[in-house]
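In what follows, a structure is listed as structure tokens, so that the remarks can point back to it.
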Amino acid sequence: MSMLAEAPLKSAVPTDQELIDFVVREARLIDQQRFDEWLELYADDAFYWMPLEWNQTDPRLTCSLMYEDKLLLSIRVERLKGARTFSQKPKSRCHHVLQTPQVDSRDTAANRYVTWTPIHYVETRLDEQALYAAWVTHHLGVEDGKLRIKLKRVDLINCDAAFGNIQLFM
Amino acid sequence: MTRYAGNVAAIRALVRDQEVHRDVYVSEEVFQLEMAHMFPNSWVYVGHDSQVPNAGDYFSTTIGTQPVLLVRHTDGTVKVLHNRCPHKGTRITSETCGNTGKFFRCPYHAWSFRTDGSLLAIPLKKGYENTGFEQSHAASGMAPVRHVRNYRGFVFAKINDGGLDFEEFFGESLSSFDNMIDRSPVGQLKVAGGVLRYMHSCNWKMLVENQTDTCHPMVAHESSAGTVVEVWKKAPPGTKKPMAVEIIAPFMSPYEFFENMGIRIWDNGHGHTGVHHSIHSDYSAVPGYFEKMTAAYGEDRAKAILGENRHNTVYFPNIMIKGPIQLLRHFKPIAANKTLVESWTFQLVDAPDMLLERTLMYNRLINAPTSIVGHDDLEMYERAQEGLHSNGNEWVNLQRLYSPDEAEQTNVAINGTSEWPMRHQFRAWAKFMTMRM
């Protein structure tokens, strides 16, 4: 399960390959359940957004499956470690398959880089295994020489379907 | 093997004063009898009339497991129709909601129906001449559910004739709907924000009884709400408490909080927690809202409306509402061990958007399939659904704060940790299961 630590950017402006590597590494940290390191990839003002509606534009007055700031994400990470977190006894596991991320836009002046990544995500616990398909949009920026997530948007292909528990992160 | 069909004594024997037999949760036969008797004998929530504002608007849903649709008829009233073509049974609606225009048209053979369900036309009608078609079931069109009541926008239907009329069935309990609706300065709600749909591998009644279960939050939700409290403690002093913390942290309130909040019992299985206060009592004020309420109602009345902090109001058989945050949960039975939970939210017409924003945040933090609080609960339901297959003990205990004279009492306020509401729900369950059996 070993993996190299986060590599610093080679220059102030990330290359496309560095953006791609970052997105791939984020998924790998989730699959390896290295959630503390995963959380460090998020900027302090980041949001993790999983819309409920197809083509949803508003996270505030339209409900979402998740629209969480870093405080709520950190609560999730702490909860997963809890001695009395019974829905994680036994623990879930997950598995990402990513298409190569595409760099949709690069705005160096605004320090905003957007990638688009189709994924298949498998979450399993005990005898149950569920497969989800989604498009993930990362809005990234450079902070202190490292890429950080400003917004991660996960659009499930069946966002309006009835789901059972989704306990980890896509 | 059938043990319960037509056997009133066997059904009644499932519900004792202080315990219920596990078959109410695990038996497929009992489940089928609920669908055949208990749901059709009850006034069941269908939908809200703001989902069908214009003539021809429809919304498809279920009563028990029966497909029905809610439609705005050309005369402006709402109708509830069985959602099947009288010809071959084909579902009529194409989308969950939409507009059908002046009539429904079956996509299979183009039979068409007015929005009250009556038959409008059949292609090649002459093929039915001299066949006695007028006497057929099909000739009367899409069967309407005959007993429909639109209570201030909330539409309920009862499939069977007889039984209790709407006012008898709900009695005093409608005060919770009134309070939720009165929280709009113009006394009007609108479905808003989208519906969360969460599939549960457990019996629907486990969810219903959980709504009045005040001894589980500080235990089952220690993992989620307890973590919120712990993480929040580490915030720098003076940090403004975020809305999310205001919402989740009160789940960790101590037993005394829940004992003192109180529970009220009404007739026919209805009741609510939070007589005196609730987990919704201490939310931050929303700027401009109280002023609007005062302008609309006068200060005394506005204070009285907003002073109610009812926690969960359960309407037997299968919905719960939260008046203070305009939320309705619909526990839709699918099988003895499968339930679809729909969590609906409402906008207070003419009130600040921040109220809806908070309601939606509550809904996704507590009721979504991605909710850590939801995960806590579903884990317990699923373990119970599994554990109940043990033959070591066939009974579920509902004894907490039992009082031998309680069955005769109604409209009473009691200790907030009593399991009386669950006993009360099951007394109603036995009554509506057997009333026409």
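Order of the sequence lines sets the chain letters (A, B, ...), proteins ahead of strands, with each chain counted from 1.
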* Spatial distance of atom CG (A/Leu126) from atom CD (B/Glu382) [nearest 0.5 Å] -> 9.5 Å
* May I ask you to check whether over 12 heavy atoms, not counting those of A/Glu143, lie within 6.0 Å of atom CD? => yes
* Which answer fits B/Met361, side chain, backbone, both or neither, if we ask what part of it has an atom under 4.5 Å from a heavy atom of chain A? -> neither
* Using heavy atoms and a sub-4.5 Å threshold, report which of residues 80-116 of chain A line up against chain B, by residue number. => A/Arg84, A/Thr85, A/Phe86, A/Ser87, A/Lys89
* Look at atom CD of A/Gln129 and say whether more than 12 heavy atoms of other residues, nucleotides or ligands are closer to it than 6.0 Å. => yes
* Could you check which of A/Glu68, A/Glu53, A/Glu78 has the highest count of heavy-atom pairs closer than 4.5 Å to chain B? => A/Glu78
* Asked: What part of A/Leu65 is in contact with chain B, defined as an atom under 4.5 angstrom from a non-hydrogen atom: side chain, backbone, both or neither?
  -> both
* Asked: If you take all heavy atoms of A/Ser64 and B/Leu196, which pair is closest and at what distance?
  -> O-CD2, 4.1 Å
* Structure fact -> Value for CD1 (B/Ile372) from CD1 (A/Ile75), rounded to nearest 0.5 Å, stands at 6.5 Å
* Asked: In this structure, are over 12 heavy atoms from other groups packed under 6.0 Å from B/Lys190 atom NZ?
  -> no
* To do: Would you mind checking which part of A/Leu52 comes under 4.5 Å of any heavy atom in chain B, side chain (CB onward), backbone (N, CA, C, O), both or neither?
  => side chain
* Asked: By a 4.5 Å heavy-atom criterion (distance strictly below it), what part of B/Val341 contacts chain A: side chain, backbone, both, or neither?
  -> neither
* Considering only heavy atoms and a distance below 4.5 Å, find which of B/Gly193, B/Ala368, B/Ala192, B/Gly194 pairs most often with chain A. => B/Gly193
* Structure fact -> Answer key: most heavy-atom pairs under 4.5 Å with chain A among B/Met354, B/Gln347, B/His200, B/Arg383 is B/Arg383
* Residue among B/Leu365, B/Asn363, B/Asp353 with most heavy-atom pairs under 4.5 Å to chain A -> B/Asp353
* Within residues 147-170 of chain A, which positions have a heavy-atom distance to chain B below 4.5 Å? -> A/Asp160, A/Ala161, A/Ala162, A/Phe163, A/Gly164, A/Asn165, A/Ile166, A/Gln167
* Rounded to the nearest 0.5 Å, what separation is found between the CG atom of A/Leu71 and the CH2 atom of B/Trp232? -> 7.0 Å
* Structure fact -> So, the part of B/Val231 with a heavy atom under 4.5 Å from chain A: the answer is side chain
* To do: Give, for atom CG of B/Leu360 and atom CZ of A/Arg60, the distance between the pair rounded to the nearest 0.5 Å.
  => 9.5 Å
* Most chain A-contacting option - heavy-atom pairs closer than 4.5 Å, from B/Ile248, B/Thr370, B/Thr227 -> B/Thr370
* **Derivation and outcome, salt bridge (charged side-chain N to carboxylate O under 4.0 Å, His left out), residues B/Glu379 and A/Arg125** => CA-CA 12 Å; B/Glu379 177 69 14; A/Arg125 183 170 173 250; 2.9 Å; yes
* Asked: Have B/Ser224 and A/Arg79 got a donor and an acceptor in their side chains that come within less than 3.5 Å?
  -> no
* **Closest-packed option against chain A by number of heavy-atom pairs under 4.5 Å, given B/His375, B/Met199, B/Glu357** => B/His375
